[in-house]
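In what follows, chains carry the letters A, B, and so on, assigned in the order in which the sequence lines appear, proteins first and then strands, with residues in each chain numbered from 1. Values below: every heavy atom of this structure, side chains too, minus hydrogens, waters and symmetry copies. The structure displayed is predicted, hence computed values, not measured ones.
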Amino acid sequence: MAKKKHHAQHKTAPALFKDIQLIRQSDAEWQIPQQSPMRVPCHVFATDAVRATLDSATLRQACNVATLPGIVTASMVMPDAHSGYGFPIGGVAAFDPDAGGVICAGGVGFDIACGVRTLVTGLTPDDVLGKRTQLADALFRSIPCGVGTGGAIPLTSVSLEAMLTGGAKWAVAHGYGTQADLDHTEEGGFMRGARPEFVSAEAKKRFMDQLGTLGSGNHYMEVQRVTDIYDATAAQAFGIAVDDILLSIHCGSRGLGHQIGTDFLPRMADKADYFGITLPEKELACAPIFSDLGQEYLGAMRAGINCALANRQVLTHLARGVFAECYSHSRLRMIYDVSHNTCKEEQHVVNGKKRLLHVHRKGATRAFGPGHPELPAFCRSVGQPVIVGGSMGTPSYILAGCTDSAKSFCSANHGAGRSMSRTTARKTIHGKDMLAVLDRMGITIRTSDMRSIAEEAPEAYKNINAVVEATEKAGLARRVARAVPLICIKG
DNA sequence: ATGTTC
């Protein structure tokens, strides 16, 4: 009734936050003070060097997030942040369901549970250098990649439902890995509370032939060499040493997660009036956690998390086959698997009081510190492995969560972060030249689409060393190891 | 990110 009359107001985004001031708190922390209609301030984690990479669109989006009902403490911005769909990529926000808190589909992102897992191969640099072309070709042949590419492992509607509930655990039960893999995966390999019945038939249909596929964009499978160890104790706990050869897999939930976002965003936007939520922009559409729609999205999103975990598990199995084909002594032992597009229910201490919050991490990695009760035994004493994937041709880092990471609801950055849009990168960078440069650097690339080489060029990303330095200086996570790429299979 | 602008 009266609600209907104001419907148009919610459709039009008012020009909020024209004047955004960053107030320095320390070497690597800034605050954007709360101003109406923000409910909380923004906390921005950046050194001076990284602050220059945070454009006004990103900060405005962080302020928009700060207006949402039930947000706790602050809207947070990681050092790798850049603007995304509604909600910054590299954004973290926690909501209290008991305070009217919301679940925001744009705060998770389209590629639900996109993430990285890194394994130690048991090989030496000489093993790889001696068979560089053979290994690259074998990986490229066996790992389906690219837009619209299907895999070799078809699902049935029955097995798909089980996979959406069981995640990597389902994959292991079907022969695609080991219990040890699950012990080194967030959530022990599967997300509780998945509700496949809230995933649309269309989303399910899109994934029927996508299990064990890499996808496109920034997704990759990369062979890396460890060049530096910064924290010997944590490196030992993670089982990494200098000159170890690693395999990193970066991918997500493919068409299924994307379709969940596509399905729920308009449903949330349409019900903003009904829920009495004033949206700063439509792209931030959300629903109260304690609403049918909010619960449906959470159930579907958790199924999407399981989909991504199963996908990375099957890709691991495929990679093991390739390595076994090329080497008699490889073993591909998991370090850890982290997701960086999620919303998870977690207990956090806020002003000395324990609260159960829904923590959105969009392009941000969970970074539980030492002693966190949810951590598996292998890393309990040193903190969670935080895998920070580099862009093509640049180093990756393995960090560890710190006690101080509590200030960001136990979150850290997930990568370098884009500094150039895909469109600009395509216009200014030539994929073929890029490949030649990388080849001279000793990096072998195989790709299904030359356009992604331009889009994913190192120049299109922030300097990962500077980003990681900011994360460390802010106390969110500390450096454990650095690795450089040798072979990269690009989607 | 994405059956690459259903």
- Message: Categorize A/T262 for me: base, sugar-phosphate, or nothing, with a 4.0 angstrom heavy-atom threshold over every strand shown.
- Response: nothing
Could you go through residues 103-119 of chain A and list every donor-acceptor pair under 3.5 Å that involves a side-chain atom there, pairing it with any protein atom two or more places apart or in another chain?
from   : atom 1 : to     : atom 2 : distance (Å)
A/D111 : OD1    : A/S253 : N      : 3.0
A/D111 : OD2    : A/H219 : NE2    : 2.9
A/R117 : NE     : A/D337 : OD2    : 2.7
A/R117 : NH1    : A/Q313 : OE1    : 2.9
A/R117 : NH1    : A/T316 : OG1    : 3.0
A/R117 : NH2    : A/Q313 : OE1    : 3.2
A/R117 : NH2    : A/D337 : OD2    : 3.1
A/T118 : OG1    : A/S248 : OG     : 2.8

- Quick one: on DNA chain B, does A/H250 or A/V147 contact a more 5' nucleotide (nearest heavy atom)? A/H250
- Please report, rounded to the nearest Å, how far the C1' atom of B/dT4 is from the CE atom of A/M450. 17 Å
- Send over the distance from A/E455 CD to B/dT2 P, rounded to a whole Å. 11 Å
- Message: Using whole Å, what does the distance between atom P of nucleotide B/dT4 and atom NE2 of A/H258 come to?
- Response: 9 Å
- With a non-hydrogen cut-off below 4.0 angstrom, is A/Q210 in contact with a base, only sugar-phosphate, or nothing? sugar-phosphate
- Message: Rounding to an integer number of Å, can you tell me how far A/R254 CZ sits from B/dT4 C1'?
- Response: 11 Å
- Query: Is there a donor-acceptor pair under 3.5 Å between the side chain of A/W170 and the backbone N or O of A/A310?
  - Reply: no
- Message: I need the CZ-C1' distance between A/F110 and B/dT4, as an integer number of Å.
- Response: 14 Å
- Task: Go through the structure and list residues passing side-chain contact (heavy atoms from CB on, under 4.5 Å) with A/I443, not counting sequence neighbours.
- Result: A/L438, A/M441, A/I445, A/P485
- Item | Rounded distance (Å) that lies between atom P of B/dT4 and atom CD of A/Q259 | 12 Å
- Task: Could you pick out which residue, A/E456 or A/R451, lies toward the 5' side of DNA chain B when each is mapped onto its nearest nucleotide?
- Result: A/E456
- Item | Polar side chain donor-acceptor pair, A/D263 to A/Q259, under 3.5 angstrom | yes
- Message: Applying a 4.0 Å non-hydrogen cut-off, can you work out what A/G215 is touching in the nucleic acid: base, sugar-phosphate, or nothing?
- Response: sugar-phosphate
- Task: Round to a whole Å and report the spacing from NZ of A/K490 to C1' of B/dT4.
- Result: 15 Å
- Query: To the nearest angstrom, how far is A/L214 atom CG from B/dT2 atom P?
  - Reply: 9 Å
